[in-house]
Trainee: 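There's a structure below that I have some questions on.
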Amino acid sequence: MQATRETADPISACLVEIDARLSALDEALASNDTDLIEQRSQALQHSLAQSLGRLQQAAQGGPPLSEAQLQRLGHVRARCMQQQQAVHRASASFGRTLGALFPDAPGVGSGAPAQTAAARALRAYR
């Protein structure tokens, strides 16, 4: 029983850490602070990479995940996907706003899409 607990605790700790990083990123996204968003997203990415390694190690040599851990993992996955969708929606909205603010002049739109004013403005933020 002790070996199961030792194996399960790092996994549970990973899931708790990812959940905390997701909450921190939620707060950063709500604040619209680009530096904070970048910092928190990098911290989340780092935690996800570490957790993936730990989960792979546990899958190879340890007992299977408990039902509670599987549920928590599903919850964390759903939150990651929700944040990804929110970022995609914000990006699309930003693109539409730029398109409205910087409409192409007649004849200018015939060039490659990367040459439009909206595309240049989007590239400036990448």
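Values reported hereafter were calculated over all heavy atoms of this structure, with side chains retained and with hydrogens, waters and symmetry mates removed.
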Trainee: Do Q50 and C14 come close enough that some side-chain heavy atom pair is under 4.5 Å?
Mentor: no
Trainee: Just verifying a value: how many Å separate C80 SG and R21 CZ, rounded to the nearest 0.5 Å?
Mentor: 13.0 Å
Trainee: Looking at S66, is its backbone amide N or carbonyl O close enough to the side chain of Q69 to form a donor-acceptor pair, meaning the two atoms are under 3.5 Å apart?
Mentor: yes
Trainee: Are L36 and S31 side-chain neighbours, meaning at least one heavy-atom pair lies under 4.5 Å?
Mentor: yes
Trainee: Is it the case that over 12 heavy atoms from other parts of the model lie below 6.0 angstrom from the CD atom of Q45?
Mentor: no
Trainee: Check D19 with R72, please: is the shortest side-chain N to carboxylate O separation under 4.0 Å?
Mentor: yes
Trainee: Has the side chain of S91 got a donor or acceptor atom that lies under 3.5 Å from a matching backbone atom of V87?
Mentor: no
Trainee: Evaluate side chain to side chain contact (heavy atoms under 4.5 Å, CB included) for R40 paired with E27, printing each intermediate quantity in order.
Mentor: CA-CA 9 Å; R40 301 267 171 93; E27 292 171 7; 4.1 Å; yes
Trainee: Distance alone, cut at 3.5 Å: any donor-acceptor contact between the side chains of Q56 and Q60?
Mentor: no
Trainee: Rounded to the nearest 0.5 Å, what's the gap from OG on S47 to CG on L25? Could you check?
Mentor: 11.0 Å
Trainee: Drop me the distance from D26's CG to L44's CG, to the nearest 0.5 angstrom.
Mentor: 10.0 Å
Trainee: According to a 4.5 Å side-chain heavy-atom criterion applied to Ile, Leu, Val, Met, Phe, Trp and Tyr, with indirect links allowed, do V16 and L55 form part of one hydrophobic cluster?
Mentor: no
Trainee: I need the single residue from L15, I11, I18 that forms a side chain to side chain contact (heavy atoms under 4.5 Å, CB included) with L73. Which is it?
Mentor: L15
Trainee: Measure the spacing between CD of E17 and CG of L22 and express it to the nearest 0.5 Å.
Mentor: 10.5 Å
Trainee: With a 4.5 Å cut-off on side-chain heavy atoms, are H75 and R79 touching?
Mentor: yes
